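Let me begin by presenting the structure, written as structure tokens, before commenting on it.
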Amino acid sequence: HRDLHRLIRRQRQMCIRDRGKAALFDGKTSVLDLPRGACPAPRLTQITIMAWLKPSKPDGVILAHGGNAWGYCLHLVGGKPAFSARVNKALATVVAKEKLPDGWTHVAGTLAKGGRIAIYVNGRQVARGKAPALLGADPYDNLQIGVDAGSPILDDQRSREHYGGLLDDLKLIYGPVTAAQIAKESK
């Protein structure tokens with residue numbers, strides 16, 4: 001996505017920023033596709049995705065990494081944040097009960113030890129569930145921001161829509177992240 005000026009890659013964390021300007025995703029074709037080697041490997045580690053969103057449509061993929069065997073995805077379903085994990089072909093999806101509020105919203109999704117999934121909105125946990133485990137293998141498909149293309153993680157076509165709206169301060173962290181850390185990021 002040409003509006004994203006830099007991609008910061010650390011040992012276990014990736015962060016996409018646009019120097020204080022949010023990236024605009026058109027909901028139709030905008031996508032950032034990173035090849036397998038461009039991001040750390042998530043095998044057997046905890047995963048957190050968080051970002052500031054101002055969506056223009058109710059359905060769409062914020063970040064997806066993987067495919068129909070191994071992968072994870074933060075997305076919107078009917079205006080509600082959702083986190084999905086595909087573990088050895090088994091899909092687990094947790095969807096918040098409430099739609100996102102209007103305006104800028106901080107959203108986070110986590111896959112923690114024991115396969116625990118949690119969704120946070122503006123620093124508050126709003127949903128939780130369980131996947132079979134952490135990812136037992138590295139995803140084969142690319143990491144994509146704005147869509148889940150190729151071999152999709154998600155089964156529902158509506159959930160795989162292109163993200164439409166503004167996106168800023170997207171972070172992908174491999175390793176433990178506490179609820180307090182997520183709350184701090186949402187300020």
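A quick note: this is a predicted structure, and the numbers were derived from the prediction, not measured.
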Open item on the list: Using the rule that Ile, Leu, Val, Met, Phe, Trp and Tyr join whenever any side-chain heavy atoms are under 4.5 Å apart, tell me whether Ile117 and Val107 fall into a single cluster.
Closed with: yes

TODO: State which residue, out of Tyr163, Trp104, Phe25, fulfils the side chain to side chain contact (heavy atoms under 4.5 Å, CB included) condition with Leu53.
DONE: Tyr163

Open item on the list: For a 4.5 angstrom cut-off between non-hydrogen side-chain atoms, does Thr93 reach His75?
Closed with: yes

Task: Sub-4.5 Å side-chain heavy-atom contact between Leu63 and Lys171 - done: no

Task: Smallest separation among heavy atoms of Val95 and Ala127, with atom names - done: O-CB, 4.0 Å

TODO: Quick one: closest heavy-atom pair of Gly150 and Asp141, and the distance?
DONE: C-OD2, 4.0 Å

- [ ] Please check if the side chain of Ser56 supplies one atom and the backbone of Gly164 the other of a donor-acceptor pair under 3.5 Å.
- [x] yes

Open item on the list: Starting from Leu154, can I reach Val77 by hopping between I/L/V/M/F/W/Y residues whose side chains sit under 4.5 Å apart?
Closed with: no

Task: Straight-line distance of Thr45 OG1 to Asp138 CG, nearest 0.5 Å - done: 10.5 Å

Task: For the student: nearest non-hydrogen atoms of Ala92 and Ala131, plus distance - done: CB-CA, 3.6 Å

Open item on the list: Between Arg86 and Leu91, is the side-chain contact (heavy atoms from CB on, under 4.5 Å) condition met? List the steps.
Closed with: CA-CA 4 Å; Arg86 180 76 73 168; Leu91 179 64; 3.7 Å; yes

Open item on the list: With rounding to the nearest 0.5 angstrom, report the SG to CD1 distance, Cys73 to Ile62.
Closed with: 8.0 Å

Open item on the list: Assigning hydrophobic clusters by single linkage (Ile, Leu, Val, Met, Phe, Trp, Tyr; side-chain heavy-atom cutoff under 4.5 Å), is Leu24 placed with Val61?
Closed with: no

TODO: For Lys57 and His162, indicate whether the former's side chain and the latter's backbone hold a donor-acceptor pair under 3.5 Å.
DONE: yes

- [ ] Calculate, to the nearest 0.5 Å, the distance between atoms CG and NZ belonging to Asp59 and Lys80 respectively.
- [x] 11.0 Å

Task: Minimum-distance pair of heavy atoms, taken over all atoms of Pro55 and Leu76 - done: CB-CD1, 3.8 Å

Task: His106 side chain near Asn122 side chain, heavy-atom distance below 4.5 Å - done: yes

Open item on the list: According to a hydrophobic-cluster definition based on side-chain heavy atoms being under 4.5 Å apart (Ile, Leu, Val, Met, Phe, Trp, Tyr only), do Leu34 and Trp70 belong together?
Closed with: yes

Task: Where Val147 and Ala64 come nearest, the two heavy atoms and their spacing - done: O-CB, 3.8 Å

Open item on the list: If you count heavy atoms of other groups shown closer than 6.0 angstrom to NZ of Lys99, is the number above 12?
Closed with: no

TODO: May I ask you to test the Pro42-Tyr72 pair for a side-chain heavy-atom distance under 4.5 Å?
DONE: yes

Task: Distance-minimising heavy-atom pair for Lys113 and Arg116 - done: O-NH1, 2.8 Å

Task: Any donor-acceptor N or O pair under 3.5 Å, side chains Asn68, Ser151 - done: yes

Open item on the list: Rounded at 0.5 Å granularity, tell me how far CD in Gln181 sits from CD1 in Ile173.
Closed with: 7.5 Å

TODO: Would you give the length of the straight line joining atom CD of Gln125 to atom CD1 of Ile119, rounded to the nearest 0.5 angstrom?
DONE: 9.0 Å

Open item on the list: So Thr110 and Ile182, do their side chains get closer than 4.5 Å, heavy atoms only?
Closed with: yes

TODO: Find out whether Ile47 and Leu135 are in side-chain contact, i.e. whether some heavy atom of one side chain is under 4.5 Å from a heavy atom of the other.
DONE: yes

Task: Test item: Asn142 side-chain N/O and Gln144 main-chain N/O as donor-acceptor pair under 3.5 Å - done: no

Open item on the list: Determine whether a donor-acceptor pair (N or O, by modelled atom type, separation under 3.5 Å) exists between the side chain of Asp26 and the backbone of Ser30.
Closed with: yes

- [ ] Ignoring hydrogens and angles, tell me if any N or O in the side chain of Asp169 forms a donor-acceptor pair with the backbone of Trp52 under 3.5 Å.
- [x] no

Open item on the list: Using the rule that Ile, Leu, Val, Met, Phe, Trp and Tyr join whenever any side-chain heavy atoms are under 4.5 Å apart, tell me whether Leu170 and Leu111 fall into a single cluster.
Closed with: yes

